[in-house]
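Below is one structure; the comments refer to it alone.
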Amino acid sequence: MDALRNPTNILSAIVIGLCAIVPFAAPAVGEPFYVIVFARIMIWAIAAVSLNLIMGYGGMISFGHAVYLGVGGYTIGILAFHGVTSAWIQWPLAIGACALISLIFGAISLRTRGVYFIMITLALAQMIFFLSVSAERYGSDDGLNILTRSDFGVEFYDLNHKLTMYYTIFAVLVASVFVSWRLVNSRFGLVMRGAKSNDTRVQAVGVSTYLYRLSAFVIAGVMCGIAGLLQANLENFVSPDMMDWRRSGELIFMVVLGGMSTLFGPVTGAFVFLMLSEVLASITHHWHIIFGPFLVLVVLFARGGIAGLLTPRSARE
Amino acid sequence: MNNAALDIRLEARSLQKSFGGLMATDNLSLEVAHGEIHAVIGPNGAGKTTLVHLLSGLLRPDGGQIVFEGRDITRLSASARVRRGLARSFQITSIFREFTALENVMLAVQAGQGHSFRFWRPVMQDLRLIDPAREMLERVGLGARTDVQAGNLAHGEQRQLEIAISLATDPTFLLLDEPMAGMGPEESQGMIAFLKELKRDYTMLLIEHDMDAVFALADRITVLVYGRVIATGTPDEIRNDATVRAAYLGGDETGEVA
């Protein structure tokens, strides 16, 4: 198989394989702490995959994408706070809230292009951020503890069970990559990629791109919202920090680092980004001094990100 | 052509467009009859591309009316006009450079098959897209280049692809903005022959700098200067028109005419 000779695919397989065995491998080597680390990273990876869908394939650089982590998470938190813990109510509401917010935000921001699009997505996301900060009832800055995880009401599927929680996140990650793959290669994806490449030309073959771009924006918002509701469950906690604008920036960076417009790039990007910051932080307190220049170098010299570095020169053009 | 039996497909009525103080289109009217190639010529800055933008809907006129097949399309979006059968090509090659030649045409074919809210099935397995797209590439002479990334095609090939994309939308009318732009003499000859062949199936409005091409192809010619029509007529009438000679054709710079 040609696919196995491609280093990017091999790396992807290693990362996915690692995720699959960590709950057993980590305790076996005496580092059970890595189970939670991997779970957290996978949630970021889902969010990065969703951002890549609109940024990498649709050319829409959203600088407010983390807001959907917050909206998904807070929906769970607020419902739990009011005693609604059934997943059958919580999850559809969280998804619906993200769909609604991304529909409104997308409808507004997609009327602009370029830098204006970046700024308006940031501004809209900040509105929700400050809303969460000002919500005293739900903990303001301090965040909101979630006393019980989403309850599916069945014995064999309980998120309080460590393995169930972990493999739920794992399954969502695999599904999000799979869904992206199908979307990008479908008729819908062809229009979306065409609009990124040359929007005027898409119009000139008779397709009004606005609704397609908006749909992609909503799909990405929902996908990121699912990451948010998983994060709320995993941490038993939500706070405004989830949707701080710096989180949005980090998401953009994960995508660029791993390789924009590649299916698996955002996943490796999230892993390298978070592992590296973890490792550097354990070496020195001033780890940002190393991390910052590293990010600058990647942008300057490895424009295709990790996926770009691994792609043989001959196959690039 | 018999003037009494003219079946007018596209009509511009008193179009106006200005950019700041510059009048790019000044009370411009023209008619294109069924089956003809109607060429629009004029010196640089005469407003030829602006005219194509107005007719195709990329620009909105400040005044006037555009009628296509008997319907007023002045307020229709660019994409809606294409769906009615009014396709265009671009002077500056406008293709999807990251796509293969085949994918470029597939997107245009797909656009003609209704909405694209189909999220699941891979296009590269969709013979309803692939077959017509291949056929179209064969037709413009790119049959052997289907899998080449469009950005890597030679300039002349990109011009052919540009036409293939426009044709793949299944139009009845073509607005061609300098299809020969940047082509060598041999490639131009090939394009002229190809446009002659297309004439059987399409009505065309042709913007072109290459006078050989214009006089070889056009049934009628409209001459624009500073956004105004200074003459319209058959190639012979235009060649002998005193105003045209003075303003444009007879000028010492342009040299010999056809």
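Note on naming: letters A, B, ... go to the chains in the order of the sequence lines (proteins, then strands), and numbering restarts at 1 for each one. This is a predicted model, so every value here is computed, not measured.
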Worksheet item: Minimum heavy-atom separation for V205(A) to A111(B), with atom names?
Response: O-CB, 3.2 Å
Discussion item. Counting only heavy atoms from other residues, nucleotides and ligands, does the tally under 6.0 Å from CD1 of I61(A) exceed 12?
Written reply: no
Worksheet item: So, is the end of the R193(A) side chain (NZ or CZ) under 6.0 Å from the ring centre of F99(B) and within 45° of the ring's axis?
Response: yes
Worksheet item: With ring centroids as reference points, do F178(A) and W120(B) lie under 6.0 angstrom apart?
Response: yes
Worksheet item: chain B: which of S186(A), S197(A), G189(A) shares the most heavy-atom pairs with it under 4.5 Å?
Response: S186(A)
Discussion item. For residues 129-136 of chain B, give me every residue with a non-hydrogen atom less than 4.5 Å from any non-hydrogen atom of chain A.
Written reply: L129(B)
Worksheet item: Under the side chain to side chain donor-acceptor pair (under 3.5 Å) criterion, do R201(A) and S166(B) qualify, and how do the steps go?
Response: CA-CA 10 Å; R201(A) 200 39 163 133; S166(B) 304; 3.1 Å; yes
Worksheet entry | chain A contact via R121(B) - which portion, at a heavy-atom distance below 4.5 Å | backbone
Worksheet entry | side-chain contact (heavy atoms from CB on, under 4.5 Å) evaluation trace for S79(B) with V207(A) | CA-CA 5 Å; S79(B) 52; V207(A) 180; 5.6 Å; no
Fill in: Any donor-acceptor N or O pair under 3.5 Å, side chains R83(B), S208(A)
no
Worksheet item: Checking I95(B) against chain A: side chain, backbone, both or neither under 4.5 Å from a heavy atom?
Response: backbone
Item to complete: Heavy atoms only, distances under 4.5 angstrom: which of S56(B), S94(B), A78(B) has the most pairs with chain A? Name it, please.
Response: S94(B)
Discussion item. For L300(A), I'd like to know if atom CG has over 12 heavy atoms of other residues, nucleotides or ligands within 6.0 Å.
Written reply: yes
Item to complete: Give the intermediate values and the outcome of side-chain contact (heavy atoms from CB on, under 4.5 Å) for residues V202(A) and F96(B).
Response: CA-CA 9 Å; V202(A) 183; F96(B) 306 105; 3.6 Å; yes
Fill in: Side chain, backbone, both or neither of D126(B) within contact of chain A (heavy atoms, under 4.5 Å)
side chain
Discussion item. Using side-chain heavy atoms (C-beta onward) and a distance below 4.5 Å, is Y212(A) in contact with H115(B)?
Written reply: yes
Response to the item:
Bottom line for S77(B): the part with an atom under 4.5 Å from chain A's heavy atoms is neither
Discussion item. Between Q110(B) and R187(A) (side chain of the first, backbone of the second, donor and acceptor by atom type, cut-off under 3.5 Å), is there such a pair?
Written reply: yes
Response to the item:
Bottom line for A108(B): the part with an atom under 4.5 Å from chain A's heavy atoms is both
